[in-house]
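To find a chain, count down the sequence lines: A is the first, B the second, and so on, and within it residues start at 1.
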Amino acid sequence: MTQRQVQHRINLKTQGLACGRGDTVLAADLSLEVAAGSALLLRGPNGAGKSTLLLTLAGLLHPLSGSIAFEGADPEAGPFLHHCGHRNAVRPRLSVVETLKFWADINGPGDVPPTTALDRVGLGRTAHLDAGYLSAGQQRRLVLARLLVSPRPVWLLDEPSAALDAAGRDLVAALLADHLRNGGLAVVATHDDIALPRAATLTLGARV
Amino acid sequence: MTQRQVQHRINLKTQGLACGRGDTVLAADLSLEVAAGSALLLRGPNGAGKSTLLLTLAGLLHPLSGSIAFEGADPEAGPFLHHCGHRNAVRPRLSVVETLKFWADINGPGDVPPTTALDRVGLGRTAHLDAGYLSAGQQRRLVLARLLVSPRPVWLLDEPSAALDAAGRDLVAALLADHLRNGGLAVVATHDDIALPRAATLTLGARV
Amino acid sequence: MSGFLGVLRRELRLSFSGGGEVLTLVLFFVIVGAIVPFAIGPDRALLASIAPGIIWIAAFLAMLLGLDRLFRPDRDDGTLALYRMADMSMASVVAAKVIAHWLTAALPLILASPFLAMILAMDGPTFWRTVLSLLLGTPALAAFGAFGAAITVALRRGGLLAPILIAPLCVPVLIFGVGAIAPLGGPDQASSAMLFLAALSLMAFALSPFAAALAIDWGEE
Amino acid sequence: MSGFLGVLRRELRLSFSGGGEVLTLVLFFVIVGAIVPFAIGPDRALLASIAPGIIWIAAFLAMLLGLDRLFRPDRDDGTLALYRMADMSMASVVAAKVIAHWLTAALPLILASPFLAMILAMDGPTFWRTVLSLLLGTPALAAFGAFGAAITVALRRGGLLAPILIAPLCVPVLIFGVGAIAPLGGPDQASSAMLFLAALSLMAFALSPFAAALAIDWGEE
Amino acid sequence: MIALGEHAEFIIAAYAGVFIGLGLLIGWIVYDSRRVRARLETLGDKRG
Amino acid sequence: MSIDDTPKMSWWNRLAHPGQFLGWTRPLIWPLAGVTTALFLLGLWFAFFNSPADYQMGDTVRIMYVHVPTAWLSQFVYAAMAVSALGTLVWRHPLADVSMKAAAPLGAAFTAMALFTGSMWGRPTWGTFWEWDGRMTSTLILLFIYLGIVALWRAFDDQLRAARVVAVFTLVGAVNVPIIKFSVDWWSTLHQPASVFRADGPTMPGSLLTPLFVMFFAFTLLFVTLQLLAMHTEIRRRRLVTLERRAARGDTL
Ligand code: HEM
Ligand SMILES: Nc1ncnc2c1ncn2[C@@H]1O[C@H](COP(=O)(O)OP(=O)(O)OP(=O)(O)O)[C@@H](O)[C@H]1O
Ligand SMILES: Nc1ncnc2c1ncn2[C@@H]1O[C@H](COP(=O)(O)OP(=O)(O)OP(=O)(O)O)[C@@H](O)[C@H]1O
Ligand SMILES: [Mg+2]
Ligand SMILES: [Mg+2]
């Protein structure tokens, strides 16, 4: 496998972006600018469309109209973004470290070896446990480790702190701060308070 | 269906309770007393065993040792507790109100009709939508409505506010306050701050 | 009682709504029956002689393969945990599910069987005996099947496990079912096979809800 | 390439670890073959004459029914979404999965076929031809099957839908597979059937990863 | 009506089958169309 | 809230935009239905009163007037679906998937009718309702494919996603149908010597051809009419779903 070059300094710009499910428009006319090194927090009540917007930015849903541009991204150099949804992609019967190695394989490995990443998120001791036995919060920590093993400049995180304890929330904030300091970009949907430097906030409409 | 009498004023007492998974002891020698009208908040880091303790109290897992007593409960009068776990029991293709009616059917219906309960949790308008279309937080609200349609004096809630927005967290607090005021009892595992009157807190050990 | 009806109603709603699981199962039954001639040749006499067996095997497979939807989705989304704390016994939940399974997985097959009978060159009287034996025998398959599904639901992935656990148990149903149609020993044999079949169905239906409920309770904790 | 191998390794690990899915599938194959005598009677000559067909049908069903585990668990737990953002194309993910599926769902059946051949009273030469035709034909089944699984993966519950969609498309495989064993038209026919079979397998294996990747990408968004 | 010869029953069955089938098909499509339009009307959609 | 990302409207796009399409085809339905009925009455009159019995098959030849049109439509409808599938995949045309969805049950129905009339014809001529002959067998498989497509459509909640997936399957099916036909022919000739009586003699007297053609047109027009009606229903159903969701979310309609 040719070790691909890590891409740097990507800016996100959207122009008149509308996203939604099927024909239902959930957010219209969004013109966002998120520069490398800064973050955008998505807030809003349940059902506002935060997850939908993240999926659209990740390219997993088609925008209903408008455009999304990642400036500075080199499409030749492979994918440049991580998306973490509500589901953890953790399969029982594979051990924690096997799971992480597999993710590194398919996403292209980076400089951080899996065991180091596990230590960083506080799962060092569970490395050889069946990943299906992890508690809700431990699985979420494993997902965070995925962000570390394959470095990518854009992180799209959907409620990264759900099911995490206080230490876990601090961990999320620390990881994000590191990422931003290294010139990364992050869009984070959350209901919790995550202390972030240089973070703008976008609140999506209220409609339960 | 003979309308069963709603049971009242149940106290929870455990004596030297130990719970865990398989042979792994997660919490030992717990002697709890929770009186009717009061609540116990379970806290602790990820993997501490909060969910396990709730399942044990609900009778879904066997205690490793010790005993659990619900004083004042009449086993003849049918089940007296609600347990809400991480999973929502929401099935696509049934509408929201059908789902709630089904729960009322199997749990024994109470005085609150399903539509009223839906209004209470803020899902009134989605009543005839396919329940699979609800967002993560909306599904959680639907679960809360289940607690209302079949009145039971003991509530065991596992992270009831996960995926809920600020309004949703207030809703959880309000529902719990109502429940306690009516002489109910609640044990709630949570990472969030839920403002509750007369609530004790039990913090389970740290072991990520 | 409202709980029992609630479960029954929900199961029927889910089977007939959009997903069209009933249509899928019927198609599976017909397709399994219809591909046999490709494998063993279209000789009419040969086909006619084994047609009852083919129809029974197709019904057997279709019913067993429909099992996975009996408890697994409920377990995955947490409904099974609700049943355990519901104001009704697990046995009556299972009984409601067995009835729903028969109505949605067996009855439609029986209604579709004339078509298979035609392309397999079955004659009229044999066909009617086949329908009768299916009517008498499928409740036993549904009941045994529910038991198998209950045993495997606690495993993280049941998949094909329930069918293969249950298949050996169901072999008597198959033997009497085919025996009731194409009796080697004459009409006497046939009617006694029918009787056995009915007895098996009754017994299985009476016992399996309790056995299945036990299996679920023990497996889940 | 490390991605391709990673997927392959993971699939094999999952199939062979604890769950024993491979064992389940083999048992299913054997059971389907073994219940046939119960359903059609123990006449040895009759059994021997239809034995190749039965083995092929059993393999056909076992492979189609193993499909559900190909993409669905990955979709349910979110791994499929990861694949879509991985540093490898979806087509190569599918190709790795097809190979893994063949290794875990077809090869074990072929290894188990002597047992079935024995209880179905098959003779030696026929058996060897059966093994050869299975070796040539099952890759086509795996490839078609992956396509069917990809079509249905976006569904909340696919269940039996993939098998019934794919079974009609696989009829040629069955026809040539059996035709290669028990040629009524003589050895000439048999070898042309083998050729057709190999051609089908090659074509299916070359095209299906792309078709399946299309179906997944479009179905998921 | 002319005499249909010795196989009349098959001819009649074929025609009856086809036309009953067509009747069911047409009936279902028209019913479906009506139902959807009625539901659209209850939602107050004016575009018909 | 009017998000309409239809590109520059060419005349074709304008005619084929769902709303427009509804508008300009609605007046066609009643006239089409009238012509279809007239053709059917005419065809039935020809079939029973104005055509002779065949010298070989006797009166059973009258079954041909319903058998051949339905058999022909069973293939034509699949071809139409395959073209629509291309429309969905290549041009992403919103009407193409509506047309694809409307056609599937119609095609299944015509195929089932072809099978039914075929077996009603087979009994008097061959003595059996069913024979595993190549053409009949491949029609049977075609029926399975149709029903599979119908089941697939029903299994999806989101019709837009369904459209593309079904389109891929339809096209793969279209590639496969000739292979199936070939293999089934190979198989049936292998097993059956040419003992099966074939009716498709090259020449047919005009007295048989007239009713055949009239019925042909009647069935084809019926298909067109039903297809249009079903497409209208489908367009409206999609609007209905959108409106219901929107109402549930509390937006103004
Ligand atoms: C279930 C049984 C049958 C099926 C599925 C079937 C199917 C078909 C199909 C698909 C066609 C169109 C062929 C094409 O366009 O190339 C066709 C045409 C025709 N069939 Fe049948 N058929 C059946 C039975 C019969 C029988 C029993 C007869 C007469 C004894 C018959 C006579 C014809 C004739 C005369 C044509 C039109 C001539 C032609 O297109 O070559 N069919 N049938
Ligand atoms: N697959 C789907 N098809 C159609 N509509 C959907 C689908 N998933 C979600 N929706 C609808 O889209 C809306 C937004 O959902 P989304 O998951 O984006 O909300 P969210 O802002 O992430 O909410 P939460 O905070 O509860 O996670 C909801 O009203 C939901 O009903
Ligand atoms: N089915 C199981 N079998 C064996 N061990 C398990 C099982 N489920 C969880 N565990 C283990 O039990 C421990 C406690 O899990 P539990 O779910 O009770 O934690 P928790 O306190 O609820 O954590 P969280 O806040 O992350 O939800 C974890 O270390 C986990 O690995
Ligand atoms: Mg969300
Ligand atoms: Mg927990």
Side-chain angles (χ1 to χ4, degrees), chain B residues 1-7 19 21-22 51-52 54-63 76-95 98-110 130-132 139 143 146-147 149-152 154-156 158, chain C residues 1-24 68-97 100 104 153-156 209 213-221:
Chain B
M1 155 96 208
T2 55
Q3 176 82 31
R4 282 189 171 156
Q5 194 185 325
V6 179
Q7 308 196 18
C19 65
R21 299 286 195 159
S51 304
T52 309
L54 283 179
L55 288 171
T56 312
L57 291 178
L60 297 178
L61 286 177
H62 267 292
E76 296 293 290
F80 52 84
L81 61 79
H82 275 302
H83 173 270
C84 297
H86 288 297
R87 288 170 303 176
N88 295 331
V90 166
R91 182 71 65 85
R93 294 205 190 273
L94 290 181
S95 76
E98 274 176 329
T99 308
L100 198 55
K101 275 200 187 121
F102 165 67
W103 287 339
D105 279 345
I106 63 168
N107 284 335
D130 184 331
Q139 293 199 359
V143 170
R146 178 170 83 219
L147 302 174
V149 287
S150 311
R152 293 186 178 177
V154 179
W155 289 4
L156 307 175
D158 201 349
Chain C
M1 205 54 202
S2 87
F4 184 83
L5 291 182
V7 176
L8 193 61
R9 202 174 320 124
R10 173 169 184 266
E11 295 290 315
L12 295 180
R13 268 287 273 130
L14 284 173
S15 302
F16 284 101
S17 74
E21 305 211 323
V22 172
L23 177 63
T24 316
D68 207 39
R69 67 166 194 205
L70 211 53
F71 296 112
R72 178 156 317 278
D74 278 350
R75 169 164 199 269
D76 289 347
D77 71 9
T79 308
L80 202 61
L82 275 189
Y83 284 141
R84 297 183 63 197
M85 282 173 302
D87 194 10
M88 60 192 295
S89 68
M90 189 56 94
S92 47
V93 173
V94 177
K97 286 193 166 244
T104 58
V153 71
L155 305 173
R156 290 223 185 88
L214 271 185
I216 291 177
D217 279 342
W218 282 339
E220 273 300 292
E221 70 183 21

Checklist entry - Between C:L80 and B:R87, is a side chain to side chain contact (heavy atoms under 4.5 Å, CB included) present by the stated rule, with each step listed? => result CA-CA 11 Å; C:L80 202 61; B:R87 288 170 303 176; over 6 Å; no
Checklist entry - Where do B:L60 and C:M85 land on the side chain to side chain contact (heavy atoms under 4.5 Å, CB included) test, with the steps shown first? => result CA-CA 9 Å; B:L60 297 178; C:M85 282 173 302; 4.1 Å; yes
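Counting heavy atoms from C-beta outward, C:L82 and B:F102 have side chains that stay 4.5 Å or more apart.
Of all heavy-atom pairs between B:P79 and C:A86, the closest is CG-O, 3.5 Å. The two residues B:V90 and C:D77 have their closest heavy-atom pair at O-OD2, 3.9 Å.
The pair C:R10-B:D105 does not meet the salt-bridge criterion, since no charged nitrogen lies less than 4.0 angstrom from a carboxylate oxygen. In summary, C:D74 and B:R91 engage in a salt bridge, as defined by a charged side-chain N under 4.0 Å from a carboxylate O.
For C:T104, the side chain to side chain donor-acceptor pair (under 3.5 Å) partners at least two apart in sequence or on another chain are C:R69.
Contact annotation for B:H86: neither backbone nor side-chain heavy atoms come within less than 4.5 Å of a heavy atom of chain C.
The structure places CG of B:N107 at 10.5 Å from OH of C:Y83, a figure rounded to the nearest 0.5 Å.
Between the side chain of B:R93 and the backbone N or O of C:R13, no donor-acceptor pair lies under 3.5 Å.
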